[in-house]
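Scroll down for the structure; my scribbles are underneath it.
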Amino acid sequence: MPRDTTLTLAGWRRFVDTPPPELELLPADVWAGLSAGQRDAYDEQRIDYHSEMIVVATSAVRDVTHQGRVLTLLNRREISARRGLIVSGPPTTGKSTALKQLGRTHELKVRQRHPGTDRIPVVYVTTPPKGSPRKLAAEFARFLGLPPIKPRYNVTDIADAVCHVLTEAHTDLVLVDEIHNLNLATSAGEDMSDHLKYFTEHLPATFVYAGIDVERQGLFTGVRGRQIAGRCVMVKTGRFPYQEEWKGLVATLEASLRLHHHQPGSLTGLDHYLHTRTGGSIGSLSHLVRAAALTAIIEGSEHITRSLLDRVPVDHAAEQDARVSA
């Protein structure tokens with residue numbers, strides 16, 4: 001069953017509550033003795049497992065989680081301008097993953113401190129493309145499950161209603177993804193920036209933003225940009241060089257495979273090839289390995305080889321990088 005989007009409160013809570021996927025391979029003799037129906041059901045379990053697999057704790061995920069944790073503690077009793085965090089980097093470098101892992105870690109800690117309460121410690125929204133203050137407020141309202149916003153509603157009234165709900169719910173971490181959609185070069189972008197600033201000033205919460213190369217998108221230009229830059233710490237994500245951390249990422253993904261004929265070490269032996277194919281992108285690597293595992297199950301080979309990986313397409317950006325480095 002597909003998961004609810006994390007852009008709703010129900011979906012977010014399900015994301016927080018769901019433990020990392022686990023699946024044990026059946027012993028070889030038991031696997032060989034499965035009926036056709038049992039084999040299909042077992043394969044479906046493994047397909048579900050490999051479609052998600054584990055979240056790899058990269059240095060970026062650890063850094064974002066640490067910095068976000070420190071900022072929430074610093075802001076806990078702050079009554080003036082609170083410090084925020086910006087996660088910036090190229091596409092498929094783990095920004096959204098890091099943002100969500102920070103939110104999940106924070107929410108679990110809040111639940112430990114305040115068991116049995118109906119708090120909403122974390123809100124996760126995305127910046128609407130070509131957005132407006134009304135659309136931004138609607139993103140918060142949708143997450144909270146508030147009634148649909150009607151055209152006659154005043155934007156400030158909507159924002160006040162959202163702030164009231166979040167204050168009453170003790171929200172202290174707001175995650176705003178795809179902040180690169182905020183274009184300060186347009187009047188609509190300026191209005192939305194002002195509205196976001198309104199939220200930061202009226203909510204006792206730490207704001208954490210993530211976006212594609214935000215320092216190149218004009219987010220820090222002008223008076224509004226300088227205000228954002230002056231209040232936020234930045235963590236940059238990027239493509240991994242072919243060094244020890246990359247080799248460790250490949251090893252971690254290989255250890256999570258659940259294939260009956262896969263030889264341990266065969267994937268780590270291809271770590272340089274995998275780096276070339278993906279350009280050092282963790283998102284592209286995860287896609288390539290998971291897609292190869294699914295193909296190995298569907299085709300019945302039950303192992304990942306160089307020739308199988310060659311047949312699995314990755315994202316266009318990674319393919320272009322591979323052609324350039326070839």
Side-chain angles (χ1 to χ4, degrees), residues 1-18 68 71-72 75-76 78-79 82 84-85 87 96 99-111 113-183 187-211 228:
M1 182 177 67
R3 292 190 175 187
D4 299 325
T5 172
T6 50
L7 296 173
T8 66
L9 180 58
W12 175 260
R13 284 178 170 169
R14 183 172 178 180
F15 163 73
V16 172
D17 291 335
T18 302
L71 286 171
T72 57
N75 289 335
R76 186 177 287 178
E78 183 62 70
I79 59 174
R82 295 173 181 84
L85 175 66
V87 184
S96 294
L99 203 65
K100 292 178 181 178
Q101 289 305 308
L102 165 61
R104 185 174 189 272
T105 299
H106 178 74
E107 178 144 342
L108 291 174
K109 286 184 179 295
V110 171
R111 291 182 187 181
R113 292 203 316 269
H114 305 282
T117 60
D118 196 26
R119 291 175 176 242
I120 306 175
V122 178
V123 167
Y124 175 76
V125 298
T126 58
T127 309
K130 297 181 180 179
S132 65
R134 180 178 293 276
K135 288 182 179 179
L136 180 63
E139 291 295 313
F140 282 91
R142 180 175 66 163
F143 181 92
L144 296 169
L146 299 180
I149 295 176
K150 297 182 180 180
R152 68 175 183 272
Y153 289 174
N154 180 281
V155 174
T156 303
D157 291 339
I158 299 168
D160 286 342
V162 169
C163 287
H164 175 75
V165 172
L166 295 180
T167 301
E168 289 294 310
H170 300 283
T171 301
D172 55 1
L173 181 62
V174 177
L175 308 175
V176 184
D177 211 345
E178 300 183 19
I179 195 66
H180 53 266
N181 287 331
L182 180 61
N183 186 357
S187 58
E190 290 180 347
D191 290 343
M192 193 159 67
S193 174
D194 289 342
H195 208 62
L196 192 55
K197 184 170 178 285
Y198 178 90
F199 279 125
T200 64
E201 292 174 344
H202 287 76
L203 284 174
T206 299
F207 277 68
V208 181
Y209 313 94
I228 295 172

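Values reported hereafter were calculated over all heavy atoms of this structure, with side chains retained and with hydrogens, waters and symmetry mates removed.
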Quick one: closest heavy-atom pair of Trp12 and Lys100, and the distance?
-> CH2-O, 3.8 Å
Would you say the side-chain atoms of Thr171 pair up with the backbone N or O of Thr167, donor to acceptor, closer than 3.5 Å?
-> no
Given Leu99 and Val176, is the side-chain contact (heavy atoms from CB on, under 4.5 Å) satisfied, shown in steps?
-> CA-CA 9 Å; Leu99 203 65; Val176 184; over 6 Å; no
Worked verdict on Leu7 versus Tyr124 for side-chain contact (heavy atoms from CB on, under 4.5 Å) = CA-CA 6 Å; Leu7 296 173; Tyr124 175 76; 3.5 Å; yes
Tell me whether the centres of the aromatic rings in Phe199 and Phe140 are closer together than 6.0 Å.
-> yes
Using a cut-off of 6.0 Å, state whether more than 12 heavy atoms not belonging to His114 lie near its atom NE2.
-> yes
Rounded to the nearest 0.5 Å, the CD1 atom of Ile120 sits from the CG atom of Leu173 at a distance of 13.5 Å
Between Cys163 and His202, the two heavy atoms sitting closest are SG-CB, 3.9 Å
CD of Glu107 to CZ of Arg119, rounded to nearest 0.5 Å, is 11.5 Å
Report the C-alpha distance between Asp177 and Val125 in whole Å, list the side-chain angles of each, state the deciding distance to 0.1 Å, and finish with yes or no for side-chain contact (heavy atoms from CB on, under 4.5 Å).
-> CA-CA 6 Å; Asp177 211 345; Val125 298; over 6 Å; no
Residues Leu196, Tyr209; criterion side-chain contact (heavy atoms from CB on, under 4.5 Å); working and verdict | CA-CA 11 Å; Leu196 192 55; Tyr209 313 94; 3.5 Å; yes
Report the distance from atom OG1 of Thr6 to atom CZ of Phe143, rounding to the nearest 0.5 Å.
-> 8.0 Å
Any Lys/Arg nitrogen of Arg111 or Asp17 sitting under 4.0 Å from an Asp/Glu carboxylate oxygen of the other?
-> yes
Minimum heavy-atom separation for Lys135 to Pro128, with atom names?
-> CB-CG, 3.8 Å
List the atom of Glu178, the atom of Thr126, and the distance in Å for their closest heavy-atom pair.
-> OE2-CG2, 4.3 Å
If we only count heavy atoms from C-beta on, is the Thr105 to Leu108 side-chain gap below 4.5 Å?
-> no
At what distance, to the nearest 0.5 angstrom, does CG of Asn75 lie from CZ of Phe207?
-> 11.0 Å
Can you tell if the side chain of Thr8 reaches within under 4.5 Å of the side chain of Leu144, non-hydrogen atoms only?
-> no
Carboxylate-amine/guanidinium contact Glu139 Arg142, below 4.0 Å = yes
Of all heavy-atom pairs between Thr206 and Leu71, which one has the smallest distance, and what is that distance?
-> OG1-O, 3.7 Å
Electrostatic pair Arg13:Asp118 at N-O distance under 4.0 angstrom | yes
Please examine the side chains of Tyr198 and Leu203, heavy atoms only from C-beta on, and report whether any two atoms are closer than 4.5 Å.
-> no
Distance-minimising heavy-atom pair for His106 and Val122 | CD2-CG2, 3.7 Å
Val165 side chain reached by Leu146 side chain, heavy atoms, under 4.5 Å | yes
